[in-house]
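To start, the structure under review is shown below, and the notes come after it.
Each chain gets a letter, A, B and so on, in the order its sequence line appears, and its residues count up from 1.
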Amino acid sequence: MSATTASLEPARGWTHRFRANPTSWIGVAIIVAVILAAVFASWIWPLDPLEQSVVDRLMGPSPEHPLGTDSYGRDVLARLLHAARISLLIGVLSIALAMAVGSAIGIAAGYLGGWFDAAVTSLLDVLLSFPTLLLGLMVVAMLGPSIENLVIAIAITELAPFARVARAPTISLKSRDFVEAGRALGFSDLRLVVVHIIPNLLSEVVVVASLWLATAIRTEASLSFIGLGVKPPTPTWGGMIREGFENILDAPWLAVAPGVAIMVTVLGLNLLGDGLRDAIDPKVRRD
Amino acid sequence: MGEFLLRRVALAVPTLLLAMTAVFVLARVVPGDPALVILGDQASLEALAALRERLGLDRPILQQYLDFLLGILRGDLGRSLVTGKSVWAEVLAVIPYTIELTLAAIVIGVVLGVPLGVYAAVHRNALPDTLTRLFSLAGLSFPAFVSAILLLLAFAIELRWFPVISAPKVDDPLDRLRHLALPAFNIGLIMTAYVTRVTRSSMLNVLGEDYVRTARAKGIGMRAVLWRHALRNALIPVATVVGLYLGTLIGNSVLTEIVFNRPGLGKLILGALNQRDYTLLQGLMVFFAGFIVLANAATDIAYGIIDPRVRYK
Amino acid sequence: MSAHPILAVEGLEKRFAVGGGFLRRASQVHAVVGASFTVAERSSLGLVGESGCGKSTLARCLLRLVEPDAGSILFEGEDVRRMDGPALRVVRRRMQIVFQDPYASLNPRRTVLQTLAEPLRVHGLARGTEIEERVAAAIAEVGLPADSARRFPHEFSGGQRQRIGIARALVLAPRFIVADEPVSALDVSVQAQVLQLLEGLRERHGLSVLFVSHDLGVVRHVCDRVAVMYLGRIVEEAPVPEIFDDPLHPYTQMLRAASPVPDPKSRFALPRVVGELPSAMEPPAGCAFHPRCPAAMPRCSRECPTLSPVGTGRRVACFLHSPAP
Amino acid sequence: MTEVVLEVRDLTVEFRSGGAWHAAVRGVDLAIARNETLAIVGESGSGKSVTALAVMGLVPPHNGRIAPGSSIRLEDRELVGLSERSMDKVRGDRVAMIFQEPMTALNPTMTVGEQVAESVRAHRGLAPAAAWKEAERVLDLVKVPSARRRMTDYPHQFSGGMRQRVMIAMALACQPEVLLADEPTTALDVTIQAQVLSLIEDLKREYGLGVLFITHNLGVVALIADRVAVMYAGEIVETARAEDLFHEPRHPYTEALLSSMPRVDRDIGELQPIQGNVPSIRDIGPGCAFAPRCALAQERCRSERPSLAATADGRALRCWVRGSLP
């Protein structure tokens, strides 16, 4: 219920509340920094992330290699920056896919109701409570690791939250008087859904997207850590931790640097999403 | 109440069927030939055919599905391709470790998270609230394996307070606890972050309710209002959300088990993956799906116990 | 007043399944039971009763926003219940609805212009600048400031929003309007403004109105005739001054007595109302009102009285007023 | 002279909004005697509910405050400035309140018996069993049918009217001197409203309660009030005995309110609506708050705020134009 009242709040005001919240600014700053780092990786640090050098194995931090080198003698900073691209790419693509398909399912279930809704809801309940990681792991294990399959696997694990977040407000919007008025005015179902329902639940879906993007990045890293990520030598944060973990006693920085990168990125997204949610949810609004 | 219980348990049956069907479908969407995936490109045609027969892949899909369901009905989750042992035997051998770990994490999460969430809600927008919010967001931002590695580095490798490899002696309770501490702390803190967050927002909602104002108007004192009126109602959503979080919790314990090299379902899954133990994986999925569906039913029943409105609906 | 009805409803029924689900049979609520009435051209019929009596469901059935289960709805001689999609679209230009909650009845993300232009576009009634002209005319007619078109609903007060809702109902130039508690969410001072507006529009456009309300005072002021509902049935129908000054059905009498009047002289008559509204899922046998009725007879718990004519132009469903059996 | 149990003097309550404090209630004076019902009537935003919350000490502390100089006296005790702990001893014991929404004002997860018994236990220090018995007695008193059996039911098993009776039982459990009723019948149907109103009236007589009855409905005021205070935009604009007020409203707002109300008992011809809208507390000018909507407004009304002045016949009026009349 709260969901709908939130989305029906007047547009004016929520941007103001978002801007008034200092933690959301930290989130924005972090995300912008990570995106810039990923896009301009080669300019920021021009070393080749794939170039191996046997003599330079497992070197500690130094001016030539600020974050040291890994067990193949590759520069960790360069790998870290290039890995940001893969992580963000997989995260954004999978969320876009999950958002499109999940919201469509949720809106359809909520609007049509009846047995279709009942079937979708119980399927979602299972999907929602199934361990995200295990689900992703099974899917990648079955399909084989590749960027496309990772995107699909992560999208599948995040269908349910989007479907749920779109379904609840659809149900309450459907019985709102302005939709009822539209029916009385002879508008088609398609028009009611597209013009009158979707715009009113969009903001909520976007908030969920920013929060689940954080989870997507975490899931991708976890899968890479288990060994189900993008195939080496392509650098990914999870994969780097996996390789670093093998040398944890000799070169702990190998695991720590990408670990911190994931953490900061995910924290940034969570701060941003949290700020957005607080801004549109009137219940937690600061008076 | 009895009727409510019965209804809720009966409701789990179709959900379970749906979940099993999902596992079956997922296990069959493997592009190409599972036998080929398992045995690799170099396998002989005979070996492939033999494996296909063993997996039942040569039979019609409908019959495979029925066999699969009948097997589950008899409690048969299949046998490991690698060890030949039943999936049940494999699971039972390690599950006490995983249960121990997740239970410890839940206890830590609830014991620390609920009071912290209540405290933050009562002092909302003040400094302690902001700190609590930041803490819980940070906790939620750690992938379980990253925090596990950091804990390992700090407390096991640098400070040497705890063992690096968490493989306890079964009959020594003190040793078990020592090996449990770091992994449980790892998931427990993430769980705490989560419970704190949910408790805080749920508590904030409840504190704005009319009946809290009514209770204040009775003059029964802020403490009684908080604990008797607000918390009980605030815990209802917390219980459901924690129930939903079980999935993530299991995922976190898998990752933690891998980092601490601790026996449990996590290592079992990883082993099955590495050895392409297709049947063990499928059996584990069935196991998890069944477990999750039942856990959901249990959460709903708990919900009914706390919230009389659900019971009488 | 011409006797020619614009709307003639006969034997309208609506049941809802309530609760139910897996392993549990749904109970049925008979929300509207055999409702029959007519609304004369250019007149306004009030539909009153307490919450849960089915008045709002009945109103929505007329527009088929809720699908009735049985009965006929003749609007300008055509049966609305038998219409297919296209015919229903056409008839919806001529029947419109105004809602209770001015906050819920407008899409918060559409400007007033968008809200009012959309029906014109969908029905292809106007294009280009003509749309803006017609919208501007509608805005002026309901007494909103001229600069309202580009503004969003949240920039208006409750009373102004209700004016927008009325403008939306009027923009297709309907003949008949269902007003579902149109003023009950408004402050007293604003309520009078909206009632006055509705009155004026009704006269200027020759509209017929079904006015749903729980407030007898409002209904007395705006309606020509009134139908009183209790637990899904119409129990009395009569022209306006009579039904309030001389109610026949014991329920109408109770309702009238319980309705507050701004005059302290009537205070010691704080009416002794008996009992509460029974559950609509298990209505009492016989006349649904008999458990609360001061004049109940043994017969009332066995048989249900039908709505029968009494005197001139009145109908009542009560054995006190029906010819002896 | 009747015995005054509650006296409010110069009450101002402010709320913070957008960084500034705005007064939702300005300089309100009220007095309620034993066995008397004072009705506060006003439209939404007039500050009538805030006044009652201030008396209860329930103005939300994080964004609201009672301005210095305000006084709320319960018999001989000043309530403004009391600590939360001392206020808890007063609330529910000597002054009690019932609210508008009987659906949401009861705790859904506690039985009705527990909730009523809780009030008794808090102030009487009774043992659980004794408190339970006492709760049953009070529920009987407010005429909840088969009270003993229904004690273990939850609020959602009660109808709206019955829930409001439970609320009243909770409020009266400790026999307070003053009952504050904030739109207690607004969410109810008229027949149930009549029952609840007569219950409150009966209890008032029986226990000699002072009742502060808040409503927007002039019809309800006429039914139960001994005296009436009309509020507009945070201020009382007129007080009078109920008969006098309805017979001869003096403030232009009161008068307009009465003539804009459709009546069920007679035809009144044309309605005369008040033009414009109720102002927000954030933009009230220097003059009389009602001046922008007032048909009688003069130059002085727009620039200078009138005060609530007592008249010779025991009424009080806040109006430049009508105030000068005899």
- Pair listing, salt bridge (Lys or Arg N to Asp or Glu O under 4.0 Å) test, anchored in residues 206-224 of chain D, at least two apart: none
- Query: What part of C:Asp187 gets closer than 4.5 Å to chain D, counting heavy atoms only: side chain, backbone, both or neither?
  - Reply: both
- Message: Any carboxylate oxygen within less than 4.0 angstrom of a Lys/Arg side-chain nitrogen, looking at D:Asp313 and D:Arg250?
- Response: yes
- Between D:Arg150 (side chain) and D:Val112 (backbone), is there a donor-acceptor pair under 3.5 Å? no
- Message: Tell me which of these, D:Ser159, D:Pro273, D:Gly160, has more heavy-atom pairs under 4.5 Å with chain C than the rest.
- Response: D:Pro273
- Query: Do D:Ser260 side-chain atoms and D:Ala256 backbone N/O form a donor-acceptor pair below 3.5 Å?
  - Reply: yes
- With chain C, the option among D:Arg293, D:Arg266, D:His247 that has the most non-hydrogen atom pairs under 4.5 Å is D:Arg266
- Gap between atom CD1 of D:Ile214 and atom CD1 of D:Ile98 - 0.5 Å precision: 10.5 Å
- Message: Could you go through C:Ile164 and C:Phe156, starting from their C-alpha distance and side-chain angles, then the distance that decides it, and tell me whether this counts as side-chain contact (heavy atoms from CB on, under 4.5 Å)?
- Response: CA-CA 9 Å; C:Ile164 304 172; C:Phe156 295 91; 3.8 Å; yes
- Message: Determine whether a donor-acceptor pair (N or O, by modelled atom type, separation under 3.5 Å) exists between the side chain of D:Asp226 and the backbone of D:Thr37.
- Response: yes
- Query: Counting distance only, does the side-chain N/O of C:Gln162 pair as donor-acceptor with the main-chain N or O of C:Pro182 below 3.5 Å?
  - Reply: yes
- Message: So if I take each residue of residues 48-59 of chain C and look for any heavy atom under 4.5 Å from a heavy atom in chain D, which residues do I end up with?
- Response: C:Glu50, C:Ser51
- Who wins among D:His216, D:Gln193, D:Met261, D:Glu270 for the most heavy-atom pairs under 4.5 Å with chain C? D:Met261
- Geometric class of the D:Tyr253/D:His251 ring pair [parallel <30°, tilted 30-60°, perpendicular >60°]: perpendicular
- Under 3.5 Å: donor-acceptor pair, side chain of D:Arg163, backbone of D:Phe158: yes
- Item | Contacting region of D:Ile268 [heavy-atom separation from chain C under 4.5 Å] | side chain
- Query: CD/C:Glu276 to CZ/C:Arg292 distance, rounded to the nearest 0.5 angstrom?
  - Reply: 7.5 Å
- Give me the ring orientation class for C:Tyr230 and C:Tyr251: parallel if the planes are under 30° apart, tilted from 30 to 60°, perpendicular past 60°. tilted
- Closest non-hydrogen atom pair, C:Pro260 against D:Gly219: CB-C, 3.3 Å
- Query: What residues of residues 230-239 of chain D sit under 4.5 Å from chain C when only non-hydrogen atoms are counted?
  - Reply: none
- Under a 4.5 Å heavy-atom cutoff, which of D:Asn277, D:Leu188, D:Leu218 has the most pairs with chain C? D:Asn277
- Query: At a heavy-atom separation under 4.5 Å, does D:Leu245 approach chain C through its side chain, its backbone, both, or neither?
  - Reply: neither
- Query: Which answer fits D:Glu43, side chain, backbone, both or neither, if we ask what part of it has an atom under 4.5 Å from a heavy atom of chain C?
  - Reply: both
- Item | Spacing of CD belonging to C:Glu141 relative to CD1 belonging to C:Ile166, to within rounding of 0.5 Å | 10.5 Å
- N/O donor-acceptor pair under 3.5 Å between C:Asp180 side chain and C:Gln100 backbone: no
- Task: Mind checking the NE2-CG spacing from C:His249 to C:Leu255? Nearest 0.5 Å is all I need.
- Result: 11.5 Å
- Query: Taking all non-hydrogen atoms of both residues, which atom of D:Tyr154 and which atom of D:Pro108 are closest, and how far apart?
  - Reply: CD2-O, 3.6 Å
- Item | Residues of residues 188-203 of chain C with any heavy atom under 4.5 Å of a heavy atom in chain D | C:Val188, C:Ser189, C:Val190, C:Gln191, C:Ala192, C:Gln193, C:Leu195, C:Gln196
